[in-house]
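Ligands are counted one by one from 1 in listed order, and the atoms in each one are counted from 1 as well.
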Amino acid sequence: MDVVPLVAAEAGAVRIRRRLLVRGVVQGVGFRPYVYRLGWRFGLTGFVKNTSLAVVIEIEGTGSSVAAFAAALPVEGPPLMRVVSVDSSDLPLAGDLAFTIHESEGGESAFAWVPADISVCAACSAETRDAADRRIDYPFTNCTNCGPRYSIILDIPYDRAQTTMAGFTMCERCRAEYDDPGDRRFHAQPNACPVCGPRLWMTDRDGKEISCDGVRAVLEAVVELLRAGNIVAWKGLGGYQLACDARNDEAVQQLRRRKQRNEKAFAVMVSDAAAAEVLCEVSEQERVLLEGPEKPIVLLRGRAGAELAASVAPGNPSLGVMLPYTPMHELLFRVLDERCGPGSVLVMTSGNISDEPIVIEEAEAPEKLGRAADAFVHHNRPIHTRVDDSVVRVVEGSPMLLRRARGYAPGAIRIGDGDAAILACGAQQKGALCLTKNGYGLLSQHLGDLENLETLEFFEQTLERMQRLFQIAPRVVAHDLHPAYLSTQFAKKMVAERHIGVQHHHAHIASCMAEHGLEGQVIGIAWDGTGYGLDGTIWGGEFLVADRGGFERFGHLRNVALAGGDVAAREPWRVARSYLLDAFEGAVPPGISWQPLVPERSVRMTDAVLTKRIHTFETSSCGRLFDAVASLLGLHQTVSFEGQAAMTLEAIADDGEGVYDFAVHGLRPLEIDMRPMVLQIVNAVERRESAGRIAARFHNTLIAVVGEICERIRKDTGLSRVCLSGGCFQNVRLLRGSLQTLRASGFEVFFQQQVPANDGGIALGQAAIASELLRRGV
Ligand SMILES: [Zn+2]
Ligand SMILES: [Zn+2]
């Protein structure tokens with residue numbers, strides 16, 4: 001037991017009153033009842049209340065009890081709580097008689113954290129399995145520690161009346177739970193039960209109701225449909241999902257055709273981590289991530305010979321796996337286990353066609369998804385905000401988000417000291433927007449590729465809603481420099497005090513700096529597919545010396561000319577042709593291995609276009625270099641999605657050592673000339689070296705480029721902190737190799753973890769840059 005010195009004890013015995021303003025994820029997570037219990041525990045009087053600014057606590061008692069309360073407050077607490085700051089001030093004594101919870105109140109300069117949607121907790125899950133519990137088999141069971149949040153919140157402060165649960169009146173028993181500070185459901189806004197809460201029902205593909213007696217009957221019908229190879233559309237937490245049996249190749253192929261998704265891998269859902277381990281290798285960190293409250297899709301290394309339809313993740317050594325995250329998913333797997341035995345695997349993919357946003361309304365589902373699904377399961381808890389499943393990969397023992405959505409959005413990320421209200425519009429692919437307030441970046445959920453009107457509407461709607469939820473009226477708008485991006489066009493049309501154009505790769509590096517809280521200059525390596533450069537060419541193989549306010553292009557991959565439009569990005573053989581013409585100085589020898597796959601006439605035409613520079617553009621893209629190499633190895637002459645060729649190269653690369661040659665010319669910017677490598681790869685292909693070996697050497701060469709150029713930059717500038725960003729660094733072999741090489745040479749290296757390295761992280765970087773420019777008064 002601690003011995004408290006007498007003097008301190010006496011000083012601590014004087015009664016004082018203190019106000020604490022608590023910011024962070026402290027609303028909608030059971031924070032007030034926690035504070036209430038803590039107040040009683042330390043014998044304090046006072047109150048706790050939600051305001052749209054923060055949670056306000058006033059406590060009165062002896063100095064030592066007040067101090068003990070303040071010390072315990074951010075440390076203990078409910079699982080979803082995240083205290084970011086506590087400001088305290090002393091007040092005169094008020095002499096309340098007890099500790100109470102006050103009603104919420106709105107307010108002016110509001111800034112509350114909106115909690116993310118969180119998977120069902122163990123206690124709720126247990127209730128839905130307990131025959132003696134009134135929530136047995138109830139798919140909408142939740143409590144203060146779990147359930148929907150961001151997807152159902154209409155406005156702040158977070159109260160039931162401001163959620164899509166407003167239309168459901170709580171029955172007496174639910175109300176009693178809701179009102180009881182000692183209950184797990186005290187102020188659980190989406191609280192519900194079979195008597196008073198949402199219900200589900202089933203329809204055919206035309207929207208005609210299929211009569212089923214109760215939840216179990218619906219799920220049994222679903223299981224029968226899935227077993228028979230059908231596709232079922234299913235209204236989940238953040239939108240509809242399409243499900244089918246992942247062991248039925250015909251069903252999966254059918255889903256691909258109907259969803260117009262050619263080759264991109266599908267994610268699967270299994271009942272638990274043990275079932276995931278049957279399909280994939282699962283490390284300890286990966287298991288923690290799979291089972292954690294966010295329940296993202298985790299990319300795992302697939303086991304050879306795992307029983308799974310080949311069409312789920314064709315040509316892909318990793319598999320995206322998630323566990324059930326709502327009671328509804330859990331129930332489905334329970335019925336599957338009963339009917340089919342344990343170990344079922346379902347493809348579980350977003351309910352949309354092609355690149356449109358996910359469908360969220362039961363009224364529009366049959367019309368929009370009727371051609372994809374054979375039957376529907378709907379429910380009547382409205383989804384206000386669409387949230388896709390998040391995708392995460394574990395690298396070097398820590399999670400790296402590739403798609404930031406359910407479970408993570410709209411979490412705040414500290415970006416600096418600026419207090420300006422900024423809107424950053426992001427890029428085009430993997431769209432996301434970012435608003436700033438009080439030095440925090442509020443990054444939206446993944447919005448999809450901003451390439452059609454539906455997605456742009458989703459972008460606009462998300463902006464409007466986030467402005468309301470966070471009470472932000474942006475005065476400054478940041479955007480990409482690419483004039484053709486819909487996000488740029490949207491930004492330019494917006495009325496604002498100022499528009500700030502941000503170079504794409506600078507934004508990638510600033511995004512990485514912001515998430516790691518880095519100030520000052522860093523070496524930034526931004527490698528991706530496409531980004532508009534300051535000189536009007538397309539950049540993508542960049543070495544920058546950057547801080548948050550500006551950058552110098554220190555070096556880049558040598559430009560090649562590509563034939564115009566999107567064709568180049570879809571047909572790697574054309575890109576390869578550009579590199580070959582460059583490497584062979586216009587005289588490419590006949591008989592390059594892949595030529596028979598592409599008609600001779602097309603090759604001649606492409607050569608003519610490239611040589612005469614008709615509608616060509618210059619690019620230093622690293623993504624295109626991956627495409628070219630994949631083509632030279634005969635792996636892909638066409639691709640159906642961005643990054644596909646690079647994924648194949650990563651997948652087939654063996655463990656081999658050895659590097660190819662490259663040259664470095666010029667000075668600031670350095671030109672990194674990969675032509676020697678291209679010639680060596682052509683020779684290696686002609687010698688029939690294995691593609692796996694060539695792919696390995698290609699990765700090793702890029703890693704050697706990273707090492708050498710960083711050394712040169714350090715020599716010139718003295719900088720030794722390196723930020724790695726851009727879509728190419730989703731390639732784990734490239735990322736790991738770069739980390740190892742740089743760390744071995746004494747560099748301090750940062751890569752993106754909380755925010756995607758791909759264009760999904762651009763908006764945060766734009767916001768950080770705009771905020772810094774405003775702070776500097778530039
Ligand atoms: Zn719960
Ligand atoms: Zn009820």
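Cys193 contributes SG and Cys171 contributes SG; the angle these two atoms make at the Zn ion (ligand 2) is 100°, rounded to 10°. Rounded to 10°, the angle formed at the Zn ion (ligand 1) by SG of Cys143 and SG of Cys121 is 110°. For Cys174 atom SG and Cys196 atom SG, the angle they make at the Zn ion (ligand 2) is roughly 110°, to 10 degrees.
Ion pairing between Glu60 and Arg19 fails under the 4.0 Å rule for side-chain N and carboxylate O. Ion pair Arg403/Asp388 flagged as a salt bridge, since at least one NZ, NE, NH1 or NH2 atom sits closer than 4.0 Å to an Asp/Glu carboxylate oxygen.
With Ser390 contributing its side chain and Arg404 its backbone, the two residues share no donor-acceptor pair below 3.5 Å.
In this structure, a donor-acceptor pair under 3.5 Å is absent between the side chains of His379 and Arg199.
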